[in-house]
Asks: 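Sending over a structure as structure tokens; questions will come in a sec.
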Amino acid sequence: LFFFRMGLLSVVCVSLFFSSTFAVDRGNFKTCDQSAFCKRQRALKPGQSPYRALLETLELSDSRLTLQLINDNNKVHLLLELYRLQGNMTRVKINELKPLKPRFEVPDVLIAEPPTEPLSVLSKDDNGVVLSLGAENQRLIVSARPFRLDIMEGPEVLLSLNSRGLLAFEHLRLHKDTLDFSLPGVEHVYGIPEHADDLKLKTTDGGDPYRLYNLDVFQYELYNPMALYGSIPVMLAHNTQRTMGIFWLNAAETWVDISSNTAGKTVFGKMLDFVQGSSEKPQTDVRWISESGIIDVFIMLGPKPSKVFSQYASLTGTQSFPPLASLGYHQCRWNYNDQEDVKSVDQGFDQHDIPYDFIWLDIEHADGKRYFTWDPHKFPQPKEMLQGLMDKRRKMVSIVDPHIRVDSGYKIHNEITSKDFYVKNKDGKNYEGWCWPGNSGYPDFTKPEMRAWWASMFAYDQYEGSMENLFTWNDMNEPSVFNGPEVTMHKDALHGKWEHRDIHNIYGLYVQMATAEGQIQRSGGVERPFVLTRAFFAGSQRYGAVWTGDNAAEWDHLKISIPMCLSLGLVGVSFCGADVGGFFKNPSTELLVRWYQTGAYQPFFRAHAHLDTTRREPWLFGPENTALIREVIRQRYALLPYWYQLFYQAHKTGMPVMRPLWVDYPKDTATFTIDDEFLIGSDLLVHPVTEEGSRGVTAYLPGAEEVWYDVHTFQKHNGAQNLYIPVTLSSIPVFQRGGSIIPRKDRVRRSSTCMENDPYTLYVALSPKKFAEGELYIDDGHSFNYDTKKEFIHRSLTFANNALTSSNLCPDCNFLTSSWIEKVLILGASKPSKVLLKMDGKETPVDFEFDTSMSVLTLRKPGMNAGADWTLLLQ
Amino acid sequence: MTCLHLLLTLVFAVSLGTPVEIQRPRGVPLTKKQFYEESKPFTCLDGSRTIPFDRVNDDYCDCKDGSDEPGTAACPNGSFHCTNAGYRPMFIPSSRINDGICDCCDTTDEYNSGAKCENTCKELGRKEREVLQKMAEITKEGFLLKQQLIEEAKKGQQEKQSKVTDMQENKKQLDEKVEALRTVKETAEQPEKEAKERHLKAWEEQKAAIRLEKDKAKMAETFLELDDNADGFVSVSELQSHAELDPDADGTLTEIEAQGLMGGAEQVDTSTFESVWPKIKDKYHSEVSREEADISCLEPAPVETPPDEVKEPVVDNDSEPYPEDDISEEEDEDDEDEDDYHEDDDKVSAQPTIKTPEKTHEDEEAMPPYDADTQALIDAAQKARDDFEEAEKALREMDDQIRNIEKELSFDFGPDAEFTYLYSQCYELTTSEYIYRLCPFNRVSQKPKYGGSETNLGTWGSWSGPENNKYLLMKYEQGTGCWQGPNRSTTVKLTCGKETVVTSTSEPSRCEYLMEFTTPAVCQEPANIDPSPHDHVEL
């Protein structure tokens, strides 16, 4: 949902205004020049830093080094703390030694105080200190005059802090802080979502910095650094040798400047530099500017991409493991009008044989926008409606936004008031702003007691009409305040002793945190929650899914959904999607079909539409288009076992589910800027068609050693090539990597839950060396028993030496499934004379067919239970 | 390992009231039983391949067309047949077999899922029969009503047709009458015009004579006024006292100039003054009137009444309570407000802006009344005019009536004009929030129940049902515009009913309304339907 900001008076003449305006009104949102602290701090030019390290104050405990810095201009002392963290990370904290007023340190983002490792001083003299940073020949050099930090590995500088002398720590009343990072040898940086921009971050010289400030932006523009709904202050730097990350733990408004010494140089220019040997080394410089708080930076040294993901995961946690059903298809609209409407849409899916798992209710479902209630006319019998969905093994999501209608007849408002849980304005009264219900209060989600109370509101006896198949959507949690500055809360509003400016970017995280907790509690801690949020911060991945907000039915918005979700995946948030079809405006049929095809291969797959758009349920565009949409949704459902397993991995390791190619091909520079195709896990490569009237796409197939199989035709292609693929409206170019095994459930039913006990088909795609491996993960799909009782099946599938073997990755796990293996397809195989199934010490022959044209061997109904140990021998 | 053997089902079919057991593979309809013979290999129904019969329903899909798995979910494109004894047989997609949801009322689709299904076929059959029976009754009665409607419509149409014919005949006569009266009128108007002109001319002449008299009187009066010393002459100096007569407008009337006005004479007597008078009479200010003018200058200026200050409502952003309803509705209303505003605008501009001119002061005495002869001519002409206008008005009215009937006759009221009775009627439905109003062949509108202006949801567009029967849907288009959206439109879905009522309204998509409407006019001739479908057991 959105709100288009305008003078409040003009609400009256809104119809005159809207018809002609259809783009973000930039005037409503600040540029760096309009943000006093950004402008001032950005005006600092690189040069001699006024800061000096007072080496005599150095104190080294087992895990922590402290040192005072002095600003020679104003004699203010700062305290520098350095930690060497387990897992090849360094933490740098800078605070005032004696602040007049304490500065905010962001709580609740780190999952625990990061465990440290001993630091040791290698050498020390008047110029500085050299510290040892672990095994890999890494050192941290503290230079005293001017103060700077360099992290080195061998002779190479990996990263420098304050090398450009931009450290600035405003004190007294204003708490602005800035620090610069230099990344020698780096030309590609990524991350710091959310921006509607390319995957590879651009240099910001001559333009605005990337802004991180959670805002409800009406009809956002693409390809610019303006702030959007969420903020994750994490940047990844990558080159062929190493991947590193910088995590700037600060929840205040933040701007990030990026400059590069190679930006603007053509490839030819760079080559010339190289040939002439005169070149300076490529380097990217990054400056972080925050409005308040302290400097608290985590430097994640990788060196592999997967290592950076696990390092970041060790700090802020991993993607929550979603209920399996939430990986299915979601049907949303602002608004499904009433119970009858919900029923007829539900029936529409069955009539057209299209699977779906969730139907969504937007703000109109509640009684006068009083969340946790139902409109008595439109939804008089919510339980009846939910039971109807449950009978079809389907689910529902209702919206619960954090703005609370100020209304003495509203239980939620009255309780928050009586418990004094509202955010206060600067005068200490309850902060009030305008949002959907009219005058609204904003609960102070930074308070743990408030969050606990909020969570308790999801209990079945509190949220009347709710049932166990009702889940939650948190929208407007930037927070959106229609009459606030930049459509959000005043910075001087108070959260206890802290100003809103200190906590702004984390407010939305807390809303989702409390909501997810409520869902867990209502089931007595048994069931996994599903909560979608629009605003987010570092750590939000622990609580559910994120979508890219109020996009539009335009081809460019379809395109941008890829880099936007890729950027989020890189910084921990795997469960990402964009509104399929586009929220604003009416998509052409072609765009809608293409969007379904793209969305079906993105993690969170939900169609959504604005109130003023025409209806667009999948069957409203003629039988041919219905068939196209049905087909791609069915492809999604067939692949649910793979998606689910990838989410399990993401949950366990922090590896993104939807990834840029460079994550798996870190040395292949051709992949570094690709953001029109992506990988799902390591094994599926997707190049969606995102051009209108497209007759073909060129996909880059990475990896010189790789082969890729077209998943529809099983045609084999070599890696490290640009492949032109002719397309029709039914085409969605997807390739399976040779060397992988993907389990599918090809019996698609009307919801994922209906497919629970269905058999698997294994797609074994052989590498040129006739090898393949994969995994199979099975649990009940919805509870925490996988975690609390180890009730899951996790198997390793390996094809080597003409034998496909399933072995147990978790011998002490305990889960029984009635699913079995109905079919095995081996792509790139040769024809065997005989196939034997070895199981329980017995050998039984297995029927097979061989397709010589595509070299596909199909094993007919081997029939073993999916949790069993077995081997299939090809002779 | 799940191993599903070929499951042969016992099907109880009720035929002629005697249960008969017919064996066939699960999910196969009786009509296809012949293709599934246990003793022979099975050939996929598309002929694509032949497989051993033990692969039929073995929970693995061998045939591309899904025909080898009629009773399992193995084939993505298969279908399962449930007999549903007591109700009606049906096919469901194979994917609904054992999915935990009861689809077949005879429970046969959930034979291995653990779903607890109850056989509801008898109940469903009974209900369906009831419904069908009721429907049949409604259809029957509705169809009878429809026949009446058709009769009435035909009668009405004929009446109207003949009425139009009559009227057209009458109109011809009226036309002639109008023409005749026009001649009478014109004939009467000619002498009237001449008489009036005569009278006017006489009056003009009389007026000229009076004016001349007046001028002379004024000249004499002026002479006396100028002749200050009353010596019977007006001298140069006496004339000079009237500076307004200054011919070069320099503010002073010099002696030479005065002399010039007096034709070079030093003084003039009354008769010579006659030649001076025309040169000065336009500029001359009477001494009496000059004094009056002076006095009038002293009158206080009229007090200007301050215009009513248009007070903009002061809207205080901070304190004005936010509208109760959500923004979009608010905007919606604004939208309507805007329309209202335009309407107001029209009203304003429609108000008379030209004021009736005031009578001029110089109005001379009124024209004397016409003499008796002239008046007689005028009266005669007026009567002819009145007669003519009356006839013309009657003709116009006749025209309107003919046009209205022709318009009505031009509507497509269905193949048998069965929808004619809806014309110029309106039907209302009150919901929790609104009163909806359908005036067939005219418009659809919506009015808030508790006050507020009416919104046009569309005006009559066309029949828009499917090709085989376009009379099942009506489309009303071009209603009030929606914010960021299309103009409102309404689709009216017609179903057979004894009564003519709007049964429901909804807004499935923003500003696109759907109205359900029952009318006997769409009731089809009841076929000799057998109200007990379970008797149709496939054989």
Asks: Can you tell me which portion of A:R749 sits under 4.5 Å from chain B's heavy atoms? Options are side chain, backbone, both or neither.
Replies: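 Both backbone and side chain of A:R749 come within 4.5 Å of chain B.
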Asks: In terms of heavy-atom pairs under 4.5 Å with chain B, which of A:V406, A:D350, A:N335, A:D758 leads?
Replies: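 That would be A:D350.
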Asks: How many angstroms lie between SG in B:C75 and CG in A:D746, if you round to the nearest 0.5 Å?
Replies: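 CG of A:D746 is found 12.0 Å from SG of B:C75.
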Asks: Determine whether a donor-acceptor pair (N or O, by modelled atom type, separation under 3.5 Å) exists between the side chain of A:R615 and the backbone of B:P508.
Replies: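 Present.
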Asks: If you round to the nearest 0.5 Å, how far is CG of A:D375 from OG of B:S432?
Replies: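 CG of A:D375 is found 8.0 Å from OG of B:S432.
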Asks: Do the side chains of B:D103 and A:K392 get close enough for a salt bridge, i.e. N-O under 4.0 angstrom?
Replies: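 Salt bridge absent between B:D103 and A:K392.
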Asks: Sort A:T858 into side chain, backbone, both or neither according to what part of it lies under 4.5 angstrom from a heavy atom of chain B.
Replies: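 Answer is side chain: those atoms of A:T858 sit under 4.5 Å from chain B.
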Asks: Does this structure show an ion pair linking A:K378 with B:E507, if we count only N-O contacts that are shorter than 4.0 Å?
Replies: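 No, this pair does not count.
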Asks: If you count heavy-atom pairs under 4.5 Å between each of B:G100, B:A73, B:A115, B:S113 and chain A, which one has the most?
Replies: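 Of B:G100, B:A73, B:A115, B:S113, B:A73 has the most heavy-atom pairs under 4.5 Å with chain A.
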Asks: Excluding sequence neighbours, so at least two apart, what forms ring pair (Phe, Tyr, Trp, His ring centres under 6.0 Å) with B:Y476?
Replies: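 Result, ring pair (Phe, Tyr, Trp, His ring centres under 6.0 Å) vs B:Y476: B:W460.
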Asks: Could you look at A:R860 and say if it's the side chain, the backbone, both or neither that has a heavy atom under 4.5 Å from chain B?
Replies: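 Both backbone and side chain.
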Asks: A:N337 vs B:R510, test: side-chain contact (heavy atoms from CB on, under 4.5 Å). Steps then yes/no.
Replies: CA-CA 10 Å; A:N337 300 331; B:R510 185 78 158 158; over 6 Å; no
Asks: Return the minimal non-hydrogen interatomic distance between A:C754 and B:I101, and the atom names on each side.
Replies: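 Scanning both residues, the minimum pair turns out to be SG-CD1, 3.6 Å.
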Asks: Quick one: what part of A:E849 sits under 4.5 Å from any heavy atom of chain B, side chain, backbone, both or neither?
Replies: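 For A:E849, side-chain heavy atoms alone lie under 4.5 Å from chain B.
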Asks: Decide side-chain contact (heavy atoms from CB on, under 4.5 Å) for A:D847 and B:Y60; before the verdict, give the C-alpha distance in whole Å, the side-chain angles of both, and the deciding distance to 0.1 Å.
Replies: CA-CA 12 Å; A:D847 282 334; B:Y60 185 90; over 6 Å; no
Asks: Using non-hydrogen atoms only, which part of B:P93 is less than 4.5 Å away from chain A: side chain, backbone, both, or neither?
Replies: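 Side chain only.
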Asks: Pick one of side chain, backbone, both or neither for A:N757, based on which atoms fall under 4.5 Å of a heavy atom in chain B.
Replies: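 Neither the backbone nor the side chain of A:N757 comes within 4.5 Å of chain B.
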Asks: Does a side-chain heavy-atom distance below 4.5 Å link A:E822 with B:D59?
Replies: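 Result no, sub-4.5 Å side-chain heavy-atom pair not found.
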Asks: Taking side chain as everything from C-beta outward and backbone as N, CA, C, O, which of these in A:T613 sits under 4.5 Å from a heavy atom of chain B? Side chain, backbone, both or neither.
Replies: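 Only the backbone of A:T613 comes within 4.5 Å of chain B.
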Asks: How far does SG of B:C102 sit from CG of A:D391, to the nearest 0.5 angstrom?
Replies: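 Taking SG in B:C102 and CG in A:D391, the distance rounds to 9.0 Å.
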Asks: Should A:D353 and B:R96 be marked as a side-chain contact (heavy atoms from CB on, under 4.5 Å) after you check the CA-CA gap, both sets of side-chain angles, and the distance that decides it?
Replies: CA-CA 10 Å; A:D353 200 17; B:R96 294 180 193 171; 3.6 Å; yes
Asks: If you count heavy-atom pairs under 4.5 Å between each of A:E340, A:R747, A:M755 and chain B, which one has the most?
Replies: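 Ranked by contacts with chain B, first place is A:R747.
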Asks: Rounded to the nearest 0.5 Å, what separation is found between the SG atom of B:C61 and the NZ atom of A:K823?
Replies: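 B:C61 atom SG to A:K823 atom NZ measures 7.0 Å (nearest 0.5 Å).
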